[in-house]
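Down below is the structure, laid out as structure tokens.
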Amino acid sequence: MSSKVIRVKEICRNIIAVGRNYAEHAKELGNPVPQGNPLIFGKPVSSIITEGSIEIPQGWKELHHEVELGVVIGKSGKFIQEEQAMDHVLGYVLVLDMTARNIQDQLKKQGHPWFLAKGFDTSCPISNFICKSAVKDVNNLNLQLTVNGVLKQNGNTQDMIFKIPNLLSYISKYFKLEYGDLILTGTPSGVSAVKHGDVIEAKLDDLVQMKYPVIEHGN
Ligand SMILES: CC(=O)CC(=O)C(=O)O
Ligand SMILES: [Mg+2]
């Protein structure tokens, strides 16, 4: 295993996120499960934090946590074949795809992109980097998230509808993947709203854990 410390926030130039990649999560929000191709969207790199607090913009209600496996790209590629896809992976991070659900719902109704609901500052807290070689089976990793010590999300990457090779192959047809790019692979069920003063803790198997307090501007 490489002992080199990778600071993902410093090397990341693009975040591409996958939505509704766990059937139970799609169901809990009354959304259809994607058929054929993955559902993808973007988050700005400026939304990444590695310390500090998740900041709810003043007056926003219903900020949901979504714990996810993040894939960090190590080798650039376009039109990546599924068979070679894992050669393009440098490692992983645990990610929170923080989502203002009521704003996302309004945007969806208006036919607008989700960017505001998912891309505001601090909406992408990440963990320390995990080297690919430290992960025995990426298709069997437990994702857990608690709020104030209460278990909310408890999923496993084995339930992803589209697995990593499929995702990298699909995404790289349209976006050249570069060193440091971050792919969010979707959240399992159990998402819920957080408020000022809450503390989110998340862990990925016994590989990494992280803790982020939540604050609301104006409090
Ligand atoms: C419904 C969503 O916000 C999609 C998403 O981000 C997911 O992880 O699923
Ligand atoms: Mg998500």
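Whatever order the structure lists ligands and atoms in, that order sets their numbers, starting from 1.
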message: Test your reading of the model: is there a side-chain donor-acceptor pair from Glu28 to the backbone of Gly190, 3.5 Å cut-off?
response: yes
- line: For Asp97, the ligand 1 atoms with a heavy-atom partner under 4.0 Å come out as 6 (O)
statement: Taking only non-hydrogen atoms of Gly186 and a 4.0 Å limit, the atoms of ligand 1 in range are 8 (O)
- prompt: Which atom, counting only N, O or S, brings Asp97 closest to the Mg ion (ligand 2)?
  reply: OD2
message: Under 3.5 Å, is there a donor on one side chain and an acceptor on the other for Asp198 and Asn148?
response: yes
query: In terms of atom number and element, which parts of ligand 1 are under 4.0 angstrom from non-hydrogen atoms of Gly19?
result: 4 (C), 5 (C), 7 (C), 9 (O)
task: Apply the test side chain to side chain contact (heavy atoms under 4.5 Å, CB included) to residues Ile15 and Val95: give CA-CA distance (whole Å), side-chain angles for both, the deciding distance (0.1 Å), then the verdict.
output: CA-CA 11 Å; Ile15 304 174; Val95 185; over 6 Å; no
query: Hey, is Arg101 touching ligand 1 through its side chain, its backbone, both or neither, going by heavy atoms under 4.0 Å?
result: side chain
Check: Gly186 main-chain N/O paired with Glu68 side-chain donor or acceptor under 3.5 Å: yes
- request: Please work out the angle at the Mg ion (ligand 2) defined by atom OE2 of Glu68 on one side and atom OE1 of Glu66 on the other, rounded to 10°.
  value: 100°
- line: For Phe41, the atoms of ligand 1 under 4.0 Å from one of its heavy atoms are 6 (O)
query: Do Glu51 and Lys9 sit within salt-bridge range, that is, some charged N less than 4.0 Å from a carboxylate O?
result: no
query: Would you find a donor on one side and an acceptor on the other, under 3.5 Å apart, between the side chain of Lys118 and the backbone of Gln104?
result: no
- prompt: What atoms of ligand 1 come closer than 4.0 angstrom to any heavy atom of Arg20?
  reply: 4 (C), 7 (C), 9 (O)
- prompt: Just by distance, do the side chain of Lys75 and the backbone of Val89 share a donor-acceptor pair under 3.5 Å?
  reply: no
query: Taking only heavy atoms of Val18, which atoms of ligand 1 are found under 4.0 Å from at least one of them?
result: 7 (C), 8 (O)
task: Classify the ring geometry between Trp60 and Phe120 as parallel (under 30°), tilted (30 to 60°) or perpendicular (over 60°).
output: perpendicular
statement: Nearest non-hydrogen contact to atom 7 (C) of ligand 1 from the set Lys43, Lys108, Glu66, Gln104 belongs to Glu66
- request: Indicate yes or no: does an N/O atom of Glu68 lie under 3.5 Å from an N/O atom of ligand 1?
  value: yes
